[in-house]
Amino acid sequence: MSYEQSHLYRLRHSAAHLMAQAITELFPGVKLAIGPPIENGFYYDVDPPKPIKEEDLEKIEKRMRELSNLKQPIVRLEAKDRDEAKEIILSECTLGQGEDTALYKLQLLEAVPAGEAVSFYDQKATDKQGQERRFIDLCRGPHVENTSEIKHFKLMSLAGAYWRGDVKNKQLTRIYGTAFETKEDLELYLHNLEEAKKRDHRLLGRELGLFMFSAKVGPGLPLWLPKGTVLREVLSDFLKQQQLERGYDGVVTPNIASIRLYEKSGHVQTYRDKMFPFMEDEEKETFILKPMNCPFHIEIYASQMHSYRDLPIRLAEFGTVYRYEQSGELAGMLRVRGFTQDDAHLFVRPDQLLEEFKGVVDLMMVVLKKLGLTEYRVRVGTRDPSSDKYVGHDENWQLSEAAIIQACQELGLEFEVSPGDAAFYGPKLDLIIKDALGREWQMGTVQVDYNLPERFELEYIGEDSKPHRPIMIHRAPFGSLERMIGLLTEQYAGAFPFWLSPVQVAILPIADRHVAYAERLATMLRGYSKPGWQPEGEGADATPPSLPFDGALRVHVDDRRETLGKKIRENQRMKIPIMLILGDNDIENGTVGIRSRETGDLGAKPLAEVFKMLEDLQGE
RNA sequence: GCCGAUGUAGCUCAGUGGUAGAGCAGCUGUUUCGUAAACAGCAGGUCACCGGUUCGAAUCCGGUCAUCGGCUCCA
């Protein structure tokens with residue numbers, strides 16, 4: 001049974017009504033808009049006569065409990081026709097608080113499809129003082145049978161939300177709440193929410209020394225710390241290797257460009273409010289900070305003649321772009337103003353489009369698998385026919401939308417089509433992944449573009465010796481390093497897999513006299529002095545171990561004068577996958593104590609055995 | 001940008017009109033230690049910033065900035 005058909009869903013819908021009833025009692029004259037159940041609860045959008053503050057939530061919640069205890073039966077009513085529905089809205093639903101309180105409900109009535117029944121849900125009871133308490137709302141339903149069923153709920157937060165989601169409309173007050181069938185379920189949900197907050201990449205980013213923000217640098221402009229930089233580099237190296245295997249060519253382009261480039265591409269016209277302020281040089285030439293890499297790659301393509309035999313041409317760049325996101329939209333590393341896309345642009349012939357598109361999707365799947373991301377949604381963003389923000393010919397839009405859908409079908413990919421989620425120049429396929437708090441973010445993306453090749457009059461010479469227009473595929477499997485690393489931090493709760501961990505091995509000398517040995521071991525594991533190293537100490541000479549692989553591990557020696565317990569605790573908190581513990585016994589016996597982040601103490605083992613374990617870990 | 005909230009030491013937080021506090025981190029000293037926090041001492045703050053009310057403001061009021069939860073928008 002789907003969530004929408006469940007009792008819980010009905011319960012939450014009814015909880016929204018109960019909240020609305022409490023609000024109409026506490027804020028007479030409030031205009032009610034909509035109040036649906038959502039994934040983890042419900043909300044109601046209201047337009048109150050005076051602002052609702054967070055401290056009001058407690059009062060509303062208290063009033064809801066009182067109304068719940070009145071055991072109001074919830075009854076469905078159906079209007080005979082629209083006139084009667086309108087009559088009910090204006091008389092009953094307003095509860096004597098004035099006809100203008102029905103403002104949004106009347107608009108909702110107009111939106112009910114012609115053939116559909118117009119229903120209301122009515123809840124009422126008489127309280128101890130003999131007063132009738134009543135609430136009736138235009139609603140499709142269904143609901144639970146009695147308000148007394150709504151017992152385990154909590155109001156969560158306040159927000160502004162535009163009527164019908166349109167910035168041009170009035171901003172209403174949205175009140176979020178959640179409700180469950182049992183006390184235990186509610187408590188579990190709240191507990192899980194607290195746990196999820198501990199996985200927040202903003203918290204872990206600071207604790208683990210990955211990245212930071214500084215008010216002096218500016219909002220949305222991250223500073224990458226040494227350990228976060230390792231994540232960037234390891235991820236980049238992995239993708240570069242994949243791209244090398246798949247015939248991509250790397251390019252590097254500047255961070256600013258003449259505005260003329262972006263006028264030609266159409267970005268200035270459609271993207272201007274997302275660009276940082278323009279800058280002018282002494283010759284009055286205007287430059288802009290680049291919001292997208294594509295025009296540069298196009299210039300590279302256009303710089304020479306191409307034969308149909310050269311195609312596809314795949315130009316890849318980890319390109320840093322700057323977009324002036326609205327201040328309220330910034331969200332740690334998941335939404336910043338300067339970020340690096342793992343970008344590439346493929347210039348392909350029409351007969352190559354499908355295969356190349358599929359190749360890109362295949363690469364994205366390889367990336368997801370490597371990163372251990374299994375929970376994701378594939379969204380095909382198409383044009384919203386009613387919007388004018390798109391550029392390009394209708395037939396090209398149809399061709400590219402068809403190509404994307406065909407590719408998905410041939411790959412057996414589960415996907416959903418989402419009109420209005422296309423880029424302004426073409427449709428796209430996006431990977432959507434949730435963060436720790438359940439919010440969805442667009443990660444990897446592939447976009448088909450007929451428009452830019454046309455604007456820049458790109459050509460290749462075909463078999464027929466005549467010029468033809470290539471098609472472009474824009475793609476970024478990670479999306480951006482910032483967003484991907486922020487998200488991975490939450491996915492792993494900071495405990496990155498071995499291959500990705502900024503520090504893979506921490507060596508913990510027990511006392512000062514073991515530090516030199518620890519340093520030598522670290523040097524060896526880093527791969528610096530592979531031949532010729534021997535451990536010190538008696539017994540060790542009998543079995544001089546050699547590193548059975550290239551090393552290249554990221555090793556840190558914790559040489560602080562602290563107790564072993566403290567070092568273990570702190571390295572565990574830093575989520576280091578492997579700790580190697582060295583003391584007199586180890587030096588004497590040619591062993592080392594090994595401790596795993598996941599399973600704890602594994603005991604002392606001969607160096608050769610430890611090396612083998614590390615080699616295996618590195619190979620995974 | 002808009003709605004709501006928050007802002008005290010590097011971090012986590014206490015302090016509701018009367019001399020700015022704790023733990024951790026840092027520094028110094030002692031301890032040289034075998035699997036999740038040794039001991040002692042010291043130092044550290046224009047209470048985000050600007051203005052106002054007051055004899056007196058971390059505390060009350062106004063503005064600004066940043067951050068957080070949403071809306072809109074997006075990699």
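Letters A, B, ... mirror the listed sequences (proteins, then strands); counts begin at 1. Basis for what follows: all heavy atoms, side chains included, without hydrogens, waters or symmetry-related copies.
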Problem set entry | Minimum heavy-atom distance between A:A518 and A:I507, given as atom pair plus value | CB-CG2, 3.6 Å
For this session: Calculate the interatomic distance between A:K198 atom NZ and B:U12 atom C1'; express it in whole Å.
Result: 13 Å
For this session: With heavy atoms under 4.0 Å as the rule, sort A:K567 into base, sugar-phosphate or nothing.
Result: nothing
Exercise. What closest approach, in Å, do A:D342 and A:G479 show between heavy atoms, and which atom pair accounts for it?
Worked result: OD1-N, 3.1 Å
Seminar exercise, completed: Taking a pair to mean Watson-Crick or G-U wobble geometry with both distances below 3.5 Å, B:C13 pairs with B:G21
Seminar exercise, completed: Protein-proximity profile, nucleotides 65-75 of chain B, B/S/- by nucleotide at the 4.0 Å heavy-atom cutoff, equals -SSSBBBBBBB
Exercise. Expressed in angstrom and rounded to an integer, what is the separation of A:R560 atom CZ from B:C27 atom P?
Worked result: 10 Å
Exercise. B:U19 and B:A57: how far apart are their P atoms, nearest whole angstrom?
Worked result: 12 Å
For this session: In whole angstrom, give the distance that lies between atom NE2 of A:H514 and atom C1' of B:G34.
Result: 10 Å
Exercise. What string of B, S and - do you get for nucleotides 35-41 of chain B, 5' to 3', if B is base contact, S is sugar-phosphate-only contact and - is no contact with any protein heavy atom under 4.0 Å?
Worked result: BBBS---
Exercise. Mind checking whether A:H474 and A:H345 have parallel, tilted or perpendicular rings, split at 30° and 60°?
Worked result: perpendicular
Exercise. Looking across every strand, which nucleic acid part, if any, lies under 4.0 Å from A:D342 by heavy atom: base, sugar-phosphate, or nothing?
Worked result: nothing
For this session: Could you tell me how the ring of A:F318 sits relative to the ring of A:F478: parallel (under 30°), tilted (30 to 60°) or perpendicular (over 60°)?
Result: tilted
For this session: Please name all residues satisfying ring pair (Phe, Tyr, Trp, His ring centres under 6.0 Å) with A:F424, sequence neighbours left out, ordered by chain then number.
Result: A:H267
For this session: In whole angstrom, give me the gap between the C1' atoms of B:G69 and B:G10.
Result: 26 Å
Exercise. Which pairs count as ring pair (Phe, Tyr, Trp, His ring centres under 6.0 Å) when at least one residue sits in residues 33-56 of chain A, sequence neighbours excluded?
Worked result: A:Y43-A:Y176
Seminar exercise, completed: In Watson-Crick or G-U wobble terms, with both distances under 3.5 Å, the base opposite B:G62 is B:C50
For this session: Determine the interatomic distance between C1' on B:U59 and the same-named atom on B:G21; round to the nearest Å.
Result: 15 Å
Pairs under 3.5 angstrom only: tabulate donor-acceptor contacts from the side chains of residues 216-228 of chain A to other protein residues two or more places apart or in another chain.
none

Seminar exercise, completed: Atom NZ of A:K197 and atom C1' of B:A5 are separated, to the nearest Å, by 12 Å
For this session: Could you state the atom-to-atom distance from NZ of A:K216 to C1' of B:A48 in whole Å?
Result: 11 Å
Exercise. Which whole number of Å gives the distance between the C1' atom of B:A20 and that of B:G15?
Worked result: 8 Å
For this session: Please give the nucleotide sitting opposite B:C68 as a Watson-Crick or G-U wobble pair, both distances under 3.5 Å, or none.
Result: B:G4
Exercise. What integer number of Å spans the P atoms of B:G4 and B:U12?
Worked result: 26 Å
Pairs under 3.5 Å (N/O, protein and nucleotides 7-11 of chain B):
unit_1, atom_1, unit_2, atom_2, d
B:C11, O3', A:R206, NH2, 3.3

Exercise. For B:A57, which nucleotide is its Watson-Crick or G-U wobble mate, given both distances must be under 3.5 Å?
Worked result: none
For this session: Report the base-pairing partner of B:C42 (Watson-Crick or G-U wobble, both distances below 3.5 angstrom), or none.
Result: B:G26
Problem set entry | A:R475 vs A:T445, side-chain contact (heavy atoms from CB on, under 4.5 Å): CA-CA, chis, key distance, verdict | CA-CA 6 Å; A:R475 46 109 276 181; A:T445 182; over 6 Å; no
Exercise. Can you tell me how far P in B:U64 sits from the matching atom in B:C24, rounded to whole Å?
Worked result: 41 Å
Exercise. For A:A604, what residues pass the side-chain contact (heavy atoms from CB on, under 4.5 Å) criterion, not counting sequence neighbours?
Worked result: A:D586, A:T591
Exercise. Is any N or O donor-acceptor pair between the side chain of A:D586 and the base of B:G34 shorter than 3.5 Å?
Worked result: yes
For this session: Just jot down the side-chain hydrogen bond (donor to acceptor under 3.5 Å, both in side chains) partners of A:T340, sequence neighbours excluded, or say none.
Result: A:R232, A:T320
Exercise. Under the side-chain hydrogen bond (donor to acceptor under 3.5 Å, both in side chains) test, which residues partner A:K59, sequence neighbours left out?
Worked result: A:D56
Exercise. Taking the six-membered ring of A:Y162 as reference, does the NZ or CZ atom of A:K170 fall below 6.0 Å from its centre and within a 45° cone about the axis?
Worked result: no
Exercise. Looking at A:F153 versus A:F180, is the centre-to-centre ring distance below 6.0 Å?
Worked result: no
Exercise. Under the side-chain contact (heavy atoms from CB on, under 4.5 Å) test, which residues partner A:Q572, sequence neighbours left out?
Worked result: A:M579, A:R595, A:R597
Exercise. Going 5' to 3' along nucleotides 58-63 of chain B, which nucleotides have protein heavy atoms under 4.0 Å from the base (write B), which only from the sugar-phosphate (write S), and which from neither (write -)?
Worked result: ------
Problem set entry | Between B:C42 and B:U35 - C1' atom distance, rounded Å | 32 Å
Exercise. Using the P atom in both, what is the distance from B:U8 to B:C49, to the nearest Å?
Worked result: 10 Å
For this session: Can you sort out the partners of A:E416 under salt bridge (charged side-chain N to carboxylate O under 4.0 Å, His left out), two or more places apart, ordered by chain and number?
Result: A:R377
